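For reference, the structure is listed below as structure tokens.
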Amino acid sequence: MNGSCKVELGYPTESSRQSSGSISTLDATLYIVVGFGGLSIIVALIHNAIHRYVFKDQHRLDTVFDAGGRVTTSLTAVTVASQVLWPMDLVQTSVIATISGAGTIYYYVIGLAMIIAVFPCLTLSFKTKAPGAKTYPQAIYARFGKSAHIVYCCIAIATNIITLTAMIMTGYYVLEGVVPGISKELSVIILISLFGSYCYIGGLGAAFYISYFNTCLMFIGLTVYMWQFLFPAEDLPDKIKNLTDINILHESVTCVQGPSTNAASSLLTFRTVSGMIYGIVAFFMVLALNCCDQAMWQSRIAAKPEQGVIGFFIASFLYFSIPNALALPTFLSYLSMSYQNGSYLLTELDMNNGFITTMVMDKVLGASGSYLLLMIVFMALMATGSGEIMAISSILVYDIYKTYIGPFRINLEPSICPLCGQKKNPEEDDKIITCKCIHSSKCSKCTDDIELSLTGQLSHQIQYTCPTHGKYRHYEDMLKQYKSRSIMWIALALLPYGIILCYLNLNLTWVFFVFETLLTPFITPLVLAFTWAKCTSKGLISGAIFGLLASIVGLLVVAELAYDEGLGDFFTTTSSDYSLLAACIAGIMVSTIVTVTVSLATHNIQSNVDEQREWTKMILIDNPINSWKNLFTEELGELPEERNVTVGQMELIFQKARKMAYICAAVCALIQIVLVPGVMLSFEEWTVDQLYNWMLFLFVALVIGTLYAVFAPPIEEIIKIIRYRKNEKKKSPYDLAQKTHNNDNISSHL
């Protein structure tokens, strides 16, 4: 179409979103609390029953935070896709597309999908160096000491708060858009109830199970939504046809003026400079989130390395389908309505707060669209929000209470056995453990204690009989109670915090992009902490602090100089593409330079022996009654139980998984960064056929993802249970008792 038809749309002084609500407050409350809340509690109870009566490890504290260590490939895939899929991804992708063009959706989504594919490379290094750690600050403490530990505990908790802030605001704005008159207080109560309900009952394992249902329902719902655009019914009313007919949508959107940096100033193109910048920023934002957010780590250490790598690879493609399928049709319909109206239908603030998706789904599907949006968004909220609460709880238990407030032994270090207080590993290079405590898997008293703990008695009523391990079992039972209380405290604390956020009426786009961008300076220090032996505590702390300051300065300076409005329009300019990019680059560069320079000036590494000693600090993190070594009995082979496992041996164990991680990351990059954009960039401005074919491609990917998400996880779970039961039946009665305890131990790691 001729460029002369281009019309630049303006923002109205008053938004028309108030007319989009079509669900009553009572209906919404019942739908969310009874439907989603009830489902989550049932799933949590099912998870508990499986781990109590099949795997017999439900009583362990570590099972709460690692889901039993037996997470399958497909369950890992759907869980990672569900937890990485923030609700903001569902409502904000259509916003940035409206500003920068349709290609922005793809670049933004690929920025996140590639992180899913490449992050196993870092987690494998973490598992190699610290296979017994339950949180990444635990590993920081073991290697770098108290100061660095406190700093990175603060960073981890701040990341969780940033994530929960965005979760609460997204949930509130969606509810406000589809439920007329719902109060801020009721909205927050509903949200917090969903976040805390099933993780209180079932821990991380329940989060994995509910993520399966979340992902299934999201895929099915989005398949129905896209079907309305690609295969519309012939008897549709004209007002609906105008919102879903590809020809009408293409004609309208082609006439809307896009950024001057886009090809032909069009919004229907992959050739968008600002869209590419958003994709780059999204890549670094999500990389920072993956590095800093304990919720991301806990999902990634709950599966064995090979299953985890393949699961991440599949999750990358599952995630790719969801935001694309929702954002592109929504963006087209909203711009078509706005073009016919002569201006945008929403004010700039309402658009930035994600009301585009709310309006379009209500217009296209009526009340069904509002219910569908509630289902999709609140399923994502449940998966992500509960994961964040579990992450804060794990840090409170393992890094704060267990380390500083109520340790089993005063001044306990990872190199010291908590049972006897003796060194696990002497300074000499003979690797013979000086601690003489009997291994719990060979302790007959422990076998009796485990059977006692499985009877269902309250933990404080159990009197353990083992003189070596009994006190520590009682200590872990106490920590498990503390875990439950901490989840309750976190949920209660979020209630007033969430209500304050709702009354502040912040710009969601600003919160989403700016806060996450300010996490990017912590990427390099955390990566080096697990990959570079010469990294020091001083380098880790100074790199984080100076990198954060540089990121803030870069954001403000570019916002002031690159845009005419300057800092006078603070929320708009600081969340714009070049400001965010400058913050990322400045933060990462300064943190890298400072961390490396200070570490080189303060390290004491003189030889390979010194390097191995440095890594040994982290590999000695272990649970005396739930050793991580039991998970790798086959891989460790004939290594005597009284000898330590070295980092070199762990690297050999993970060699195959590491190669798989690199290959999977390369395949994802080839498909998502080279092949697909290579084809789409060959088109300057999409014709109606090119637009239809692109949407059809996304629909096919969505259907394939739906089939995998629905059928693969339950099939794998059933096979896993059947195999486990068959193996148990082959054991003698004595071996069965020993295996029961071994399973308890295996559940604590990876």
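Computed from a prediction, not measured in an experiment: that's the story for all the values here. Below, all heavy atoms of this structure are taken into account, side chains as well, without hydrogens, waters or symmetry copies.
Residues Phe231 and Phe699 bring their aromatic ring centres within 6.0 Å.
Listed by first and then second residue, the side chain to side chain donor-acceptor pair (under 3.5 Å) pairs that reach into residues 162-171 are Thr165-Tyr497, sequence neighbours excluded.
Side-chain polar atoms of Tyr225 and Thr330 form a donor-acceptor pair below 3.5 angstrom. One side chain, Glu716 or Ser74, offers a donor N or O that lies under 3.5 Å from an acceptor on the other. Thr135 and Asp399 share a donor-acceptor pair across their side chains, judged by distance under 3.5 Å alone.
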Apply the test side-chain hydrogen bond (donor to acceptor under 3.5 Å, both in side chains) to residues Ser393 and Ser486: give CA-CA distance (whole Å), side-chain angles for both, the deciding distance (0.1 Å), then the verdict. CA-CA 6 Å; Ser393 177; Ser486 69; 2.8 Å; yes
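Taking all atoms of both residues into account, the shortest heavy-atom contact from Leu495 to Val188 is O-CG1, 3.6 Å.
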Return a table of donor-acceptor pairs under 3.5 angstrom between the side chains of residues 487-494 and protein atoms on other chains or two or more places apart.
none

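Ring geometry, Phe126 versus Trp297: the interplanar angle falls from 30° to 60°, so the pair is classed tilted.
Looking at Phe513, Tyr107, Tyr108 one by one, the single match for ring-ring contact (aromatic ring centres under 6.0 Å, His included) with Tyr278 turns out to be Phe513.
Ile314 places none of its side-chain heavy atoms less than 4.5 Å from the side chain of Val80. With a 4.5 Å cut-off on side-chain heavy atoms, Ile168 and Ile192 count as touching.
Using modelled atom types, one side-chain atom of Gln92 and one backbone atom of Asn352 make a donor-acceptor pair closer than 3.5 Å.
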